[in-house]
Q: 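The structure's right below; bear with me while I get my questions together.
Bear in mind that the values here come from a model prediction, so they are computed numbers and not experimental data. Throughout, a chain's letter reflects where its sequence line sits, starting with A, and its residues are numbered from 1.
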Protein chains: 2
Amino acid sequence: MSERGDPKKIVVPGAAFLMSQVGVHSGQIWRERMKKLGLDSRHVVLLRLVSVEEGRSQLALGTQMRLPPSRMVAFVDELEDLGLLERRPNPDDRRIRALHLTDRGREILNTVMKISADHETELTKGLSEAERVQLVGLLGKVATAQGLAPGVHPGVAFQPPNSAG
Amino acid sequence: MSERGDPKKIVVPGAAFLMSQVGVHSGQIWRERMKKLGLDSRHVVLLRLVSVEEGRSQLALGTQMRLPPSRMVAFVDELEDLGLLERRPNPDDRRIRALHLTDRGREILNTVMKISADHETELTKGLSEAERVQLVGLLGKVATAQGLAPGVHPGVAFQPPNSAG
DNA sequence: TATTGTTATACTCTATAACTATA
DNA sequence: TATAGTTATAGAGTATAACAATA
């Protein structure tokens, strides 16, 4: 256990609790909005990854999302049923299912980005713009010090209630 | 959808994503440490609630934690097996199981507070003390504006992956 | 008749492993 | 023999509802 700082000076709840409290709240209302689009958070992450580079295999994307192949099948099935994603054959290796966005998938992703921008506005409505920028700066420092990769959310993979994550 | 702000100025990831990213990370490593004590996060919340006011019924505490009675039975069983909590009869109403901490329960709760204080230090190691205080202030403003009750974490109750929370 | 706590049960979501087809 | 994707299956965790004891 670290010995930095004076325990008496640390008020609970402190920054760690507040970040968790507000952060979980942020995720909850964001997922609520995604659900209204018929999407799970992992659907959105998958769509975004495909949009960055189309044609990758299910296994490659599953590895990046830390999802086992059997789960990937289900999520890709669902997105294909929704008409947002396509499995295409790879001529070089017929085992591989190359994933591509449909036009509708691109539209939805656009909608998701608009909703996320609005989510940002709603969540920071208690702050001035200067304060919001300040908050982003401080959180960025924390994220960097914690070794969190930019844009990579640690809560994508499933976490059983009693897990460590 | 809100129309406040200029969408072009909102960079993604912004404050909302960062709060969720860092907040979930905070919760993950905190739960990891609790698990080393043999505790689930809900065990800890329950112990804390009992310590605030001993002798309350399972139903009262379950309502506060938004857990159904059947889940409360399981968690109280587990804490009783660990020797941290006691079910005592209520002479006025023999249906009620009054919950009390054991001495060992109080010790563990003390350990939990020490670990949480250390967790705070570790999580904010990228910040100066002034910055940490600033961050607490900004997050407090956000929490208030979002209507979050102080000290009440929104992630205590179970949330299925596809839920809105 | 209503309420507290317990037990029984069905459901959702998950990871593992067996399997098919390609390589 | 190894790899990409699929299907089958068993387990963990949950909420609902039936239940027993007490009010």
Side-chain angles (χ1 to χ4, degrees), chain A residues 28 31 34-35 38-43 45-46 49-50 53-81 85-100 154-165, chain B residues 28 31 34-35 38-43 45-46 49-50 55-81 85-100 154-165:
Chain A
Q28 279 178 351
R31 285 193 298 277
M34 293 302 109
K35 197 178 181 183
L39 298 176
D40 181 277
S41 58
R42 291 157 299 183
H43 291 148
V45 171
L46 181 48
L49 286 179
V50 173
E53 183 185 347
E54 304 217 8
R56 296 175 69 199
S57 71
Q58 288 185 197
L59 206 71
L61 291 161
T63 302
Q64 192 168 350
M65 294 177 69
R66 307 196 180 189
L67 290 177
S70 61
R71 303 292 306 127
M72 281 299 290
V73 171
F75 289 126
V76 173
D77 279 352
E78 286 155 13
L79 288 171
E80 214 171 26
D81 289 345
L85 208 60
E86 263 182 7
R87 285 180 170 99
R88 295 190 197 159
N90 179 327
D92 298 340
D93 186 339
R94 288 191 302 169
R95 293 172 303 182
I96 287 175
R97 314 291 229 123
L99 299 185
H100 292 262
V156 179
F158 174 70
Q159 295 153 40
N162 208 10
S163 85
Chain B
Q28 280 178 350
R31 285 193 298 276
M34 292 303 109
K35 197 178 181 183
L39 297 176
D40 180 278
S41 59
R42 291 156 300 183
H43 291 148
V45 171
L46 181 49
L49 286 180
V50 173
R56 295 173 70 199
S57 71
Q58 287 185 196
L59 205 71
L61 291 161
T63 302
Q64 193 168 351
M65 293 176 70
R66 306 197 182 190
L67 290 177
S70 62
R71 303 292 307 128
M72 280 299 290
V73 171
F75 289 127
V76 173
D77 279 353
E78 286 154 14
L79 288 171
E80 216 171 25
D81 289 346
L85 209 59
E86 263 182 5
R87 285 180 170 100
R88 295 189 197 160
N90 179 328
D92 297 339
D93 186 340
R94 289 193 302 171
R95 294 172 302 182
I96 286 175
R97 314 291 229 122
L99 299 185
H100 292 263
V156 179
F158 175 69
Q159 294 153 40
N162 206 10
S163 86

Q: Count the heavy atoms belonging to other residues, nucleotides or ligands that lie under 6.0 Å from CZ of Arg88(B), then report whether that count exceeds 12.
A: yes

Q: Using every non-hydrogen atom in the two residues, find where Gln159(A) and Pro154(A) come nearest and quote the distance to one decimal.
A: NE2-O, 3.4 Å

Q: Is any side-chain heavy atom of Leu79(A) closer than 4.5 Å to a side-chain heavy atom of Leu39(A)?
A: yes

Q: Taking atom P of dT20(C) as reference, at what distance in whole Å does atom CZ of Arg97(A) sit?
A: 17 Å

Q: Give a yes/no answer on whether the side chain of Gln58(A) brings an N or O atom under 4.0 Å of OP1 or OP2 in dT6(D).
A: yes

Q: Report the C-alpha separation of His43(B) and Leu85(B) in whole Å, then their side-chain angles, then the decisive distance to 0.1 Å, and conclude whether the side-chain contact (heavy atoms from CB on, under 4.5 Å) test is met.
A: CA-CA 10 Å; His43(B) 291 148; Leu85(B) 209 59; over 6 Å; no

Q: Summarise how protein sits on nucleotides 18-23 of chain D as a single string, 5' to 3': B when a protein heavy atom is under 4.0 Å from the base, S for sugar-phosphate-only contact, - for no contact.
A: ----BS

Q: For Gln159(A) and dC13(C), what is the distance between atoms CD and C1' respectively, to the nearest whole Å?
A: 14 Å

Q: Is there a side-chain contact between Arg87(B) and Gln58(B) in this structure, where contact means two heavy atoms from C-beta onward sitting under 4.5 Å apart?
A: yes

Q: Nearest whole Å is fine: how far is dT6(C) P from Leu59(B) CG?
A: 11 Å

Q: Send over the distance from Gln64(A) CD to dA4(D) P, rounded to a whole Å.
A: 15 Å

Q: For nucleotides 14-18 of chain C, print each protein N/O atom paired with a nucleotide N/O atom at under 3.5 Å, atom names and distance only.
A:
from: dT14(C); atom 1: OP1; to: Arg42(A); atom 2: NH1; distance (Å): 2.3
from: dT14(C); atom 1: OP1; to: Arg42(A); atom 2: NH2; distance (Å): 3.2
from: dT14(C); atom 1: OP2; to: Arg71(A); atom 2: NH2; distance (Å): 2.1
from: dT16(C); atom 1: O4; to: Ser70(A); atom 2: OG; distance (Å): 3.0

Q: Arg87(B) side chain N/O closer than 4.0 Å to the phosphate oxygens (OP1, OP2) of dT4(C)?
A: no

Q: Please report, rounded to the nearest Å, how far the P atom of dT12(C) is from the CD atom of Glu78(A).
A: 13 Å

Q: Once rounded to the nearest 0.5 Å, what's the spacing between atom CZ of Arg97(B) and atom CE of Met72(B)?
A: 12.5 Å

Q: Could you tell me if the side chain of Arg71(A) sits less than 4.5 Å from the side chain of Met65(A), heavy atoms only?
A: no

Q: Looking at Pro161(A) and Arg42(B), what are the two nearest heavy atoms and their distance?
A: CB-NH2, 3.1 Å

Q: Given His100(A) and Glu54(A), is the side chain to side chain donor-acceptor pair (under 3.5 Å) satisfied, shown in steps?
A: CA-CA 5 Å; His100(A) 292 262; Glu54(A) 304 217 8; 3.2 Å; yes

Q: Rounding to an integer number of Å, can you tell me how far Asp77(A) CG sits from dA4(D) P?
A: 19 Å

Q: Rounded to the nearest angstrom, tell me the gap between atom CZ in Arg56(A) and atom P in dA4(D).
A: 13 Å

